Amino acid sequence: MFRSHTCGELRAGHAGQEVLLAGWVHRRRDHGPLIFIDLRDRYGITQVVFDSTAAPAAHAVASDARSEYVLQVRGPVFERPVEAYNPDLATGTIEVHATEATLLNPARNTPLYINKEGGEDEALRLKYRYLDLRRERMQKNLILRHRIVKFIRDYLDREGFLEIETPILIKSTPEGARDYLVPSRIHPGEFYALPQSPQQLKQLLMVAGFDRYFQIARCFRDEDQRADRQPEFTQLDMELSFVDQEDVLDLIERLFIALCREVVPHKRLVTPFPRLTYAEALERYGSDKPDLRYGLELVNLGPVVAQSQSGLFRAALDTGGQVKGLRVPGAGTYSRKQLDELVDMAKQAGARGLLWAVVPADGGDVRSSFGKQVSPEEMAAIIRQMEGEPGDLLLIVADAPKIVAQVLDRLRRESGARLNLADPNLLAWGWVLDFPLVEWNEEEQRWDAVHHPFTAPRDEDLHLMGTDPGRVRARAYDLVLNGYEVGGGSIRIHRRDVQQQLFDLLGIDRETAMRQFGHMLEAFEYGAPPHGGIAPGIDRICMILADESTIREVMAFPKTQQAVDLMTSAPSPVDERQLRELHIALRLE
RNA sequence: GGGCCCGUGGUGUAGUGGCCGAACAUGCGACCCUGUCAAGGUCGAGAGCGCGGGUUCGAAUCCCGUCGGGCCCGCCA
């Protein structure tokens, strides 16, 4: 037996028992003849006392011990005198008086402090990830992640779902993100792809009759990284048969409400989850993943400036553009520099310019960037429309709708951050519904699927497929949380004729469709049930629940922005022999 | 592909043209110390400033290039 207890479980009630502990030296306080060692494992920390008179051999081991040495200690548990309680430790009312101590393994000086949250270069943390993972922050995050996944598994099991694994080596499809490819040794010149998601496979499971499926599924996308994007990530992949959109939304909402109440009871939830249409989300927030923790809604100034002669607005209005504004309460005190930052930000987001005005106290002059270019009546009307209060900063953008949304979304998030409006203990889940089915791709001069080519259009919009495809709404839905997209899904097409209509629209000819999706199309001819699903992103949800700002903090071994594993140095060159077996010749430019 | 930020003993920082063959804290080594919990005290070792070039009488500091890390745009059906 290596240990009788963990370092986190001893309490005053254990006093008098002899225990055997094993763990890492978290901290050592050496008083000469008396040494205290905080022994740590993932369950907690226990203070062990080494007395040179009472147990000279054990004391000698403690004397030589250093941070992160691995020790085994035997001795009786003593309740501490009340004045020596340590309220910061769960085990703070007791200590173990070592009678024997064994050095299980020494440790070199660690390049990271385990007992201190470091501000060190993240590259160092990633290179020595196994040390970084010893720290409290990462232990907490990975334990939280375990609890989240465990809760989901248990919940869905109770709801009658089956967890079914799907292959990692699958067929490449050129649609969507860039695939990670795996060369075939047995089939020279041919490749598998790693799944971007198990989309097609889960739909085929529906055809197979597994009407409630889920999987904690690893997904791979060879695209550039972000704080919330890694080359491999985990989705809660789900699919259900004989359901409509409402069934999926209801299930997910119940699941995540129950999950949050269980694993992050200190956080508040808004229930039921607010629902926005895609059009409404863009209208009110300029984003299809708005942070719903605060208001700061965009105001349409179209009606107010419709008749304006000012060139500021005319150029946009006469070319189908919009004029919209954002009221930032109390930001009228911003310095010139702070305003310039906002203007720069707007330009970065694609705006030609940003108009701003400060609402004056009654009777005062309006301080603004465009006062000379509009009449006093127009300025007053704008302030009225935006419900500006004295001291507010009004930000206005006149441009194409897409630019207006993009810019004001950026400014809204920046303002929300500056004004500290986003309560970190509020979980603002929400649904964004009725996405367009397809989107015009200007470069390629064709219609692209917004979600994916198996997403069902809304029945009442079917008649527009031939005439005005851009207005066809999809039976698709996104789950958002605190400004992040944390899941997306749809009701799928299960009718062959509708599928064909969509392929025609997307410009996928029959031969191409058969080559790429033949297995799907054929499967749909053998009695495919109506079905739909969703795929919440586990990493992002864990990140938000753990109060982290990158998903790397909730992954054990993440990669850098360049998709490199700094610990193992992957990717790396391989032997010529391996390449030959795979029939691969390198062509390095 | 592009924009912005960062890179100084093991670790975190200071130093932004000569005061620097580099300072502070922590960690490390030695010694002292029987109630600490970021223990305390004394002494000591440890970097030539990511790398390469250039400007200058003189470069950690300025310039160019390059490598690594981060944030963002593009990309992510």
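These numbers come from a predicted model, not from an experiment.
Nearest nucleotide to the side chain of Phe36(A), out of rG35(B), rC71(B), rG69(B): rG35(B). Relative to the side chain of Ser67(A), the nucleotides rG69(B), rU36(B), rC28(B) differ in distance, and rC28(B) lies closest. For Arg80(A), taking side-chain heavy atoms from C-beta onward, the closest of the listed nucleotides rC28(B), rG69(B), rU36(B) is rU36(B). Checked against rA38(B), rG74(B), rG69(B), the side chain of Arg27(A) finds its nearest nucleotide in rA38(B). Distances were taken from every side-chain heavy atom of Glu223(A) (C-beta onward) to each of rC37(B), rC76(B), rG69(B); the shortest belongs to rC76(B). Comparing rG70(B), rC37(B), rG35(B) by their closest approach to the side chain of Thr560(A) singles out rG70(B). The side chain of Asp224(A) sits closest to rG74(B) out of rG74(B), rG12(B), rU34(B). Side chain of Ala227(A), nearest nucleotide from rU26(B), rG69(B), rC71(B): rC71(B).
Across rC63(B) and rG17(B), the matching P atoms stand 12 Å from one another, rounded to whole Å. Using C1' as the reference atom, rG46(B) and rU11(B) are 13 Å apart when rounded to the nearest Å. If you take atom C1' in rG50(B) and the same atom in rG68(B), they sit 8 Å apart, rounded to whole Å. The same atom, C1', is picked in rA30(B) and in rA45(B); the two are 10 Å apart, to the nearest Å. Nucleotides rA22(B) and rA59(B) have their P atoms positioned 16 Å apart, rounded to a whole Å. Using P as the reference atom, rC28(B) and rG69(B) are 30 Å apart when rounded to the nearest Å. Between rG18(B) and rC62(B), the two P atoms lie 11 Å apart (nearest whole Å). Separation of the C1' atoms belonging to rC49(B) and rU42(B) is 31 Å when rounded to the nearest angstrom.
For the 3.5 Å distance criterion, the side chains of Arg492(A) and Ser490(A) qualify, holding a donor opposite an acceptor.
The phosphate of rG29(B) (OP1 or OP2) has a side-chain N or O of Arg66(A) nearer than 4.0 angstrom. Checking the phosphate oxygens (OP1, OP2) of rU36(B), no side-chain nitrogen or oxygen of Arg29(A) falls inside 4.0 Å. In this structure, Arg178(A) does not reach the rG74(B) phosphate: none of its side-chain N or O atoms is under 4.0 Å from OP1 or OP2. Residue Arg226(A) has a polar side-chain atom (N or O) positioned under 4.0 Å from OP1 or OP2 of rC73(B). Distances shown here put every side-chain N or O of Gln348(A) at or beyond 4.0 Å from the OP1 or OP2 atom of rG3(B).
Atom CD in Glu122(A) sits about 20 Å away from atom P in rG50(B), given to the nearest Å. As a whole-Å value, the separation of Arg28(A) CZ from rG40(B) P is 13 Å. Between Glu95(A) atom CD and rU34(B) atom P there is a gap of 17 Å when expressed in whole angstrom units. Nucleotide rG69(B) holds its P atom 15 Å from the OH atom of Tyr128(A), rounded to whole Å. Look at CG on Asp132(A): it is 14 Å from C1' on rG69(B), rounded to the nearest Å. Taking atom NE2 of His26(A) as the reference point, atom P of rG27(B) lies 13 Å away to the nearest angstrom. Taking atom CG of Leu124(A) as the reference point, atom P of rG7(B) lies 15 Å away to the nearest angstrom. A straight line from CG of Asp228(A) to P of rC75(B) spans 16 Å, rounded to a whole angstrom.
Using a 4.5 Å cut-off on side-chain heavy atoms (C-beta onward), Asn109(A) and Glu68(A) make no contact.
Note on Arg410(A): nothing from the nucleic acid sits closer than 4.0 angstrom, heavy atoms only. Thr53(A) comes within 4.0 angstrom of a base, heavy atoms only. Gln47(A) comes within 4.0 angstrom of a base, heavy atoms only. Residue Asp30(A) is in base contact, counting any heavy-atom pair closer than 4.0 Å across all strands shown. Backbone-only engagement by Asn109(A) is indicated by non-hydrogen atom pairs under 4.0 Å involving sugar-phosphate atoms exclusively. Using a 4.0 Å heavy-atom distance criterion, Asn115(A) is classed as making no nucleic acid contact. Within 4.0 Å of Ala177(A), counting heavy atoms only, lie sugar-phosphate atoms of the nucleic acid but no base atom. Backbone-only contact: Gln562(A) has heavy atoms under 4.0 Å from sugar-phosphate atoms and none from a base. When heavy atoms are screened at a 4.0 angstrom cut-off, Ile35(A) is found touching no nucleic acid atom at all.
With a cut-off of 3.5 Å on both pairing distances, the Watson-Crick or G-U wobble partner of rU11(B) is rA25(B). Within the shown strands, rC51(B) is the pairing partner of rG65(B) under the Watson-Crick or G-U definition, both distances less than 3.5 Å. Summarising the base pairing, rG40(B) is matched to rC32(B) through a Watson-Crick or G-U wobble pair whose two defining distances lie under 3.5 Å. With both pairing distances under 3.5 Å, rC76(B) is matched to nothing as a Watson-Crick or G-U wobble pair. Applying the Watson-Crick and G-U wobble criteria (two distances, each under 3.5 Å), rG17(B) pairs with nothing in any strand.
Taking the six-membered ring wherever Trp is involved, the centroid distance between the rings of Phe36(A) and His31(A) falls below 6.0 Å. Side-chain rings of Phe517(A) and Phe454(A) approach one another, their centers coming within less than 6.0 Å.
Between Glu485(A) and Arg540(A) there is no salt bridge, since none of the side-chain N atoms of the basic residue sits less than 4.0 Å from a carboxylate O of the acidic one.
Each of Asp88(A), Asn115(A), Asp38(A) was evaluated against Ile45(A); a single residue qualifies, Asp38(A), per the side-chain contact (heavy atoms from CB on, under 4.5 Å) test. Of the residues listed (Asp461(A), Leu506(A), Val438(A)), the one engaging Pro469(A) in a side-chain contact (heavy atoms from CB on, under 4.5 Å) is Val438(A), and it is the only one.
His97(A) and Phe78(A) have parallel rings, their planes meeting at less than 30° on a 0 to 90° scale where 60° marks the start of perpendicular.
Nearest-nucleotide assignment on RNA chain B puts the 5′-proximal partner with Ala54(A), out of Glu83(A) and Ala54(A). Mapping Gln561(A) and Gln196(A) onto RNA chain B by nearest heavy atom places Gln561(A) closer to the 5' end of the strand.
Crowding of Glu136(A) atom CD: a count of heavy atoms from other residues, nucleotides or ligands under 6.0 Å not exceeding 12.
The aromatic ring of His31(A) is not stacked on the base of rG40(B), since the criterion of ring centres less than 5.5 Å apart with planes inclined by under 30° is not met.
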Check the pair Asp539(A), Gln230(A) against side-chain hydrogen bond (donor to acceptor under 3.5 Å, both in side chains), reporting the backbone distance first and the verdict last. CA-CA 9 Å; Asp539(A) 311 279; Gln230(A) 281 273 306; over 6 Å; no

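Residue-to-nucleotide contacts include a donor-acceptor pair under 3.5 Å from the side chain of Arg229(A) to the base of rC75(B).
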